[in-house]
Amino acid sequence: MRLRAGSFISAVPAPKYRGYWYNPMRMRQELEQAVARVVRDLFGVNMSVELTRPDEQFGDYAANVALQLAKRLGKNPREVADALAVKTRENLAETVREVSVAGPGFLNLTLSDEALAAALQAEPTRPWQGKTLVTEYSDPNPFKVLHVGHLYTSVVGDAISNLLERAGGTVHRVNFGGDVGLHVGKTMWAILQALGGEYPDKLAEIPEAERSEWMAENYVKGTQAYEENETAKAEIVAANKHVYKLFADNDHDSPFARVYWTCRQWSYDYFDAFYARIGTQFEKYYPESETAPVGLKTVQEQLEKGVFERSDGAVVFNGEKYGLHTRVFINGEGLPTYEAKDVGLSIKKWDDYRFDESIIITGNDIVEYMKVVLKAIEQFEPELAKRTVHLTHGNVKLAGGVKMSSRKGNFLRAVDVLDMVAAASREINPEVGDDAVLGAVKYAFLKQRIGADIIFDPKESVAIEGNSGPYLQYAHARARSVLARALGTPHTADALSSGTLEPDERSLLRKITEFTEVVERATSELMPHHICTYLYELAQKFNSFYEHNRVIGSGEREAARLALIHAYADILKRGLALLGIAAPDHM
RNA sequence: GCCCGCGUAGCUCAGCGGAUUAGAGUGUCUGGCUUCGAACCAGAAGGUCGCAGGUUCAAAUCCUGCCGCGGGUACCA
């Protein structure tokens with residue numbers, strides 16, 4: 001069998017292979033099966049073999065089967081490995097250049113250059129092909145400010161959605177937010193105080209540019225009053241009920257209603273502008289005012305069926321039966337709490353999409369809460385609960401351990417972060433574009449594993465060197481710049497399989513071929529940081545290669561090197577796209 | 001108290017069952033642009049992987065206990 005890599009330049013047709021059809025997409029699986037056959041033939045043991053990517057010095061793939069087998073067979077692992085190596089070398093002579101035994105008994109496989117080049121054709125698998133998925137994230141509340149946490153969760157949710165979409169899923173990105181609820185009562189109360197009463201016309205005095213900030217200030221004032229002043233607290237509770245009543249009565253005309261609707265719209269305008277700025281697009285927005293009635297009705301129905309119970313004037317779900325907390329779904333005022341609104345949201349999403357899987361992405365302060373909500377839903381809509389996944393990330397903390405709270409007003413707004421990074425970027429390059437700013441911010445958030453808190457150091461996050469978005473974007477632009485200079489030089493991937501590759505070339509090629517495996521892993525784990533780690537290693541590999549090897553004017557190596565750089569730049573661009581980061585040709 | 005999460009170089013993080021030297025970035029110190037973009041590259045220094053047991057041929061990685069930090073624990077979201 002002879003392997004030939006075709007071209008990865010999109011305009012060129014699919015590669016042709018000599019000999020029997022060889023599918024590079026399954027190279028790894030085929031190798032694993034081949035080694036498993038050797039194990040069976042030699043030792044009569046059936047076991048699945050897993051190949052891993054070892055340190056480059058050891059080869060392209062490694063298997064630890066000999067170590068696992070040794071004890072079972074009562075033999076020395078090196079002996080077992082040696083025997084496996086001989087036979088594997090024989091059976092895989094066409095694709096594998098070298099089979100060696102190292103360390104305690106690892107079996108290391110090194111592919112032929114042709115096989116490695118053929119692996120460029122591989123595409124990551126599409127496990128979500130044909131599936132309908134709903135991702136819900138960001139979830140800002142009208143009447144409150146967008147802080148750095150919203151920015152973080154939006155970036156994470158986008159990357160997750162991108163991964164699922166790439167994997168073949170039809171992804172519906174939706175957003176949930178509280179246009180009713182106690183926080184609205186607090187802000188409305190403070191707004192009315194500021195206006196000196198229910199005078200909607202006075203809202204016109206607030207300059208457009210200051211609206212979101214003005215509302216945020218009023219939220220903080222309302223919260224303080226709620227905590228410190230009993231009279232204010234009662235008024236806020238009343239304002240909260242009043243807001244619900246606006247929806248019940250479809251009231252758009254009373255003075256109170258006009259203040260509410262105007263300010264609500266200000267919030268949505270502010271959200272839209274922000275999402276546009278960071279390149280996020282939601283298909284649908286679920287305001288709590290829409291989910292609350294559905295949730296309320298559902299909880300009341302299920303109350304009669306015994307799923308929920310009354311307790312101290314409220315309607316609760318007794319989570320203690322399941323080792324969870326007991327939570328209030330309808331409060332003593334008869335209003336739905338966040339729990340009931342979430343029930344309503346789940347049902348609406350279910351009715352709208354009949355999804356295969358619904359993924360809710362939020363901060364991890366809500367994990368126990370969500371378990372209770374899902375357990376309650378499971379009682380009357382088990383299929384819906386089963387198909388819902390709650391994926392959580394940590395909080396964004398300020399360096400120094402200060403926790404930010406929009407309630408207390410000591411927070412960093414989302415736009416502050418973007419503005420800071422923009423300012424810092426401009427110091428390095430006065431003509432820096434939005435792509436680099438967003439690249440820096442998104443990458444800074446995504447490079448950490450999702451789950452734990454992340455530390456946001458305004459000074460450091462602003463740095464755009466080292467393991468950063470701009471580093472990758474710059475590496476990409478450099479590669480494109482070389483390719484642009486060599487426009488006339490043909491460089492299909494065939495150039496990589498004719499003749500022996502030099503060590504630096506092979507090393508870069510090897511790294512490029514890891515892309516499919518990395519994407520598959522990031523997708524199955526829903527962990528975008530694997531892409532970041534990989535892309536950074538890839539870019540380092542390229543930068544090193546580029547530093548030490550002439551490309552244009554390198555004579556007989558030129559075509560192969562250009563082909564390599566072309567493949568590299570394409571992969572880098574695709575990887576960044578999965579993260580929601582642009583890869584401009586020039587910076 | 002109970003439940004959940006986290007503890008890896010000064011700092012920020014990868015690694016989450018395997019390889020003699022536990023990897024990056026950053027910071028500190030050295031070198032490298034008359035040559036394809038130096039937002040780059042090459043190198044040095046820096047770690048009893050919170051502590052103690054256990055499982056395993058193999059543990060930063062799995063299990064148990066302890067310590068430390070954070071979150072949750074009925075009418076907030």
Side-chain angles (χ1 to χ4, degrees), chain A residues 52 54-55 57-58 62 64 67-68 70-71 76-77 102-106 108 139 141 144 178 181-183 186 223 226 288 311-319 323-333 335 337-339 341-342 362-369 371-372 392 394-395 397 399 401 403 406-407 425 428-429 432 436 444 447-449 451-457 460-461 463-468 470-475 477-486 529-530 532-533 536-537 539-540 542-554 561 565 586-587:
Chain A
T52 56
D55 208 75
Q57 60 179 309
F58 300 121
N64 60 8
L67 275 69
Q68 295 170 317
K71 201 189 180 189
N76 179 309
F106 288 99
N108 293 324
D139 296 351
N141 286 325
K144 289 176 76 172
L182 192 61
H183 65 282
K186 289 172 179 173
T223 300
Y226 184 85
E288 283 183 12
S311 176
D312 291 339
V315 177
V316 306
F317 178 75
N318 184 352
L324 302 170
H325 301 135
T326 290
R327 289 198 149 264
V328 173
F329 281 63
I330 300 174
N331 69 20
E333 300 280 324
L335 295 177
T337 59
Y338 194 49
E339 285 81 344
K341 293 169 188 167
D342 240 324
T362 76
N364 54 22
D365 49 337
I366 235 177
V367 306
E368 296 294 312
Y369 155 87
K371 282 182 194 167
V372 177
T392 64
N395 296 315
K397 288 178 148 181
K403 199 194 165 186
S406 61
R407 262 181 290 180
S425 301
I428 291 165
N429 176 0
V432 77
K447 70 178 177 179
Q448 274 108 227
R449 183 181 198 90
D453 290 348
I454 66 167
I455 308 292
F456 181 76
D457 184 332
E460 270 202 29
S461 80
I464 58 174
E465 333 165 291
N467 186 1
S468 71
Y471 174 97
L472 299 179
Q473 290 174 321
Y474 180 70
R478 285 174 98 189
R480 292 291 177 204
S481 155
V482 175
L483 293 171
R485 282 172 175 273
H529 78 284
H530 286 129
C532 295
T533 305
Y536 183 61
E537 289 169 1
Q540 276 187 311
F542 164 76
N543 279 332
S544 181
F545 173 85
Y546 184 70
E547 183 79 18
H548 301 296
N549 299 279
R550 186 80 206 170
V551 177
I552 292 168
S554 57
R561 289 178 178 178
I565 291 182
H586 308 281
M587 293 187 73

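Nothing here was measured: the structure is a model prediction, and the numbers come from that model. Letters go in sequence order (proteins before strands), and every chain restarts at 1.
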Nearest-neighbour nucleotide for the Ser311(A) side chain, rG37(B), rA74(B), rC36(B) considered: rA74(B)
Would you indicate what Arg478(A) reaches in the nucleic acid, counting non-hydrogen atoms under 4.0 angstrom: base, sugar-phosphate, or nothing? base
Between rC33(B) and rG18(B), how far apart are the P atoms? Round to whole Å, please. 42 Å
Does rG37(B) have OP1 or OP2 sitting under 4.0 Å from an N or O in the side chain of Arg485(A)? yes
Which base sits across from rU34(B) as a Watson-Crick or G-U pair, both distances under 3.5 Å? none
Let's test this: given Watson-Crick or G-U wobble pairing with both distances under 3.5 Å, identify the partner of rC62(B). rG54(B)
Between rC6(B) and rC51(B), how many Å separate the two C1' atoms, rounded to a whole number? 16 Å
Within the structure, does a side-chain N or O atom of Ser544(A) lie under 4.0 Å from either OP1 or OP2 of rA42(B)? yes
Test side-chain contact (heavy atoms from CB on, under 4.5 Å) applied to Glu339(A) and Val372(A), step by step: CA-CA 9 Å; Glu339(A) 285 81 344; Val372(A) 177; 5.9 Å; no
Whole angstrom value for the distance that separates P of rA24(B) from CG of Asn543(A): 16 Å
Using atom P of each nucleotide, how far apart are rG68(B) and rA59(B) to the nearest Å? 28 Å
With a 3.5 Å cut-off and heavy atoms only, can you find an N or O donor on one side and an acceptor on the other between the side chain of Thr326(A) and the base of rA74(B)? no
List the steps, then state whether side-chain contact (heavy atoms from CB on, under 4.5 Å) holds for Ile366(A) with Tyr338(A). CA-CA 11 Å; Ile366(A) 235 177; Tyr338(A) 194 49; 3.9 Å; yes
Does rG5(B) have a Watson-Crick or wobble mate here (both distances under 3.5 Å), and if so which one? rC69(B)
What is the distance, to the nearest angstrom, from the CG atom on Asn549(A) to the C1' atom on rC40(B)? 15 Å
Under 4.0 Å, heavy atoms only, any strand: does Gly178(A) hit a base, just the sugar-phosphate, or nothing? nothing
Of the listed nucleotides (rA77(B), rC36(B), rA14(B)), which one gets closest to any side-chain atom of Val482(A)? rC36(B)
Spacing of CD1 belonging to Ile330(A) relative to OG1 belonging to Thr337(A), to within rounding of 0.5 Å: 8.0 Å
Using modelled atom types and a 3.5 Å cut-off, is there a donor and acceptor pairing between side-chain atoms of Asn395(A) and backbone atoms of Gly363(A)? no
Which of the following nucleotides, rG32(B), rA77(B), rU12(B), is nearest to the side chain of Leu182(A)? rA77(B)
Rounded to the nearest Å, what distance is computed from the CG atom of residue Leu483(A) to the P atom of nucleotide rG37(B)? 11 Å
In whole angstrom, give the distance that lies between atom CD of Gln473(A) and atom P of rC40(B). 13 Å
Gap between atoms CG and C1', on Leu324(A) and rA74(B) respectively (whole Å): 14 Å
Does any part of the side chain of Asn549(A), heavy atoms only, come nearer than 4.5 Å to the side chain of Ser554(A), both counted from C-beta? no
Do Arg478(A) and Asn543(A) come close enough that some side-chain heavy atom pair is under 4.5 Å? yes
Ser425(A) or Tyr546(A): which one's nearest nucleotide on RNA chain B is closer to the 5' end? Tyr546(A)
Which part of the nucleic acid, if any, lies within reach of Asp312(A) when heavy atoms closer than 4.0 Å are counted: base, sugar-phosphate only, or nothing? base
By nearest atom, which of the nucleotides rC75(B), rG37(B), rC36(B) is closest to the Val328(A) side chain? rC75(B)
Indicate the atoms forming the closest heavy-atom contact of Gly178(A) with Asn141(A), along with that distance. N-OD1, 2.7 Å
Contact class for His548(A) (heavy atom, under 4.0 Å): base, sugar-phosphate, or nothing? sugar-phosphate
Can you figure out which of rG15(B), rG37(B), rA39(B) approaches the side chain of Asn429(A) most closely? rA39(B)
Please find the pair of heavy atoms, one from Pro470(A) and one from Ala436(A), that lie closest to each other, and give the distance. CG-O, 4.0 Å
What's the gap between rC4(B) and rU8(B) when it is taken at their C1' atoms, as a whole Å value? 22 Å
Mind checking Ser481(A) for me? I need base, sugar-phosphate or nothing, with any heavy atom below 4.0 Å counting as a touch. base
Whole-Å P distance, rG32(B) and rC16(B): 39 Å
Syn within 90° of 0, anti beyond: rC33(B) is syn
How close do Leu472(A) and Ala539(A) get, counting heavy atoms only, and between which atoms? CD2-CB, 3.5 Å
Given rA14(B), rA39(B), rC40(B), which nucleotide is nearest the side-chain atoms of Ile428(A)? rA39(B)
Quantified in whole Å, what is the C1' atom distance between nucleotide rU61(B) and nucleotide rG54(B)? 15 Å
To the nearest 0.5 angstrom, please state how far the CG atom of Asp342(A) sits from the CD atom of Glu288(A). 8.0 Å
Considering every strand and a 4.0 Å limit on heavy-atom distances, what is the contact class for Ala477(A): base, sugar-phosphate, or nothing? base
Interatomic distance where NZ belongs to Lys144(A) and C1' belongs to rA77(B) [whole Å]: 6 Å
Below 3.5 Å between N/O atoms, which protein atoms pair up with nucleotides 18-22 of chain B? Just atom names and distances, please.
residue: rG18(B); atom: N7; partner: Asn64(A); partner atom: ND2; Å: 2.6
residue: rA19(B); atom: N6; partner: Asn108(A); partner atom: OD1; Å: 3.0
residue: rA19(B); atom: N1; partner: Asn108(A); partner atom: OD1; Å: 3.3
residue: rA19(B); atom: N1; partner: Asn108(A); partner atom: ND2; Å: 3.1
residue: rU20(B); atom: O4; partner: Gln57(A); partner atom: OE1; Å: 3.2
residue: rU20(B); atom: O4; partner: Gln57(A); partner atom: NE2; Å: 3.2

To the nearest Å, how far apart are Ile366(A) CD1 and rU73(B) C1'? 15 Å
rC76(B) base stacked by Tyr338(A) (centroids within less than 5.5 Å, tilt under 30°): no
Pairwise P distance for rA19(B) and rA58(B), with rounding to whole Å: 14 Å
Can you tabulate the close N/O pairs, meaning under 3.5 Å, that link protein atoms to atoms of nucleotides 25-29 of chain B?
residue: rG25(B); atom: OP1; partner: Gln540(A); partner atom: NE2; Å: 3.4
residue: rG25(B); atom: O2'; partner: Asn467(A); partner atom: N; Å: 3.4
residue: rU26(B); atom: OP1; partner: Gly466(A); partner atom: N; Å: 3.4

Is rG46(B) paired to anything, Watson-Crick or G-U wobble with both distances less than 3.5 Å, and if yes, which nucleotide? none
Answer whether the closest heavy-atom distance between the side chains of Ser544(A) and Tyr546(A) falls below 4.5 Å. no
So, for Gly466(A) and Tyr536(A), which heavy atoms are closest and what is the spacing to 0.1 Å? O-CE1, 3.6 Å
Would you tabulate the nitrogen or oxygen pairs shorter than 3.5 Å linking the protein to nucleotides 1-8 of chain B?
residue: rC4(B); atom: O4'; partner: Glu368(A); partner atom: OE2; Å: 3.4

State, with a plain yes or no, whether a side-chain heavy atom of Thr362(A) is found less than 4.5 Å away from one of Tyr369(A). no
Between P of rA24(B) and CD of Gln448(A), the distance in whole Å: 18 Å
Using the C1' atom as the point on both nucleotides, what is the distance between rU48(B) and rA44(B), in whole Å? 23 Å
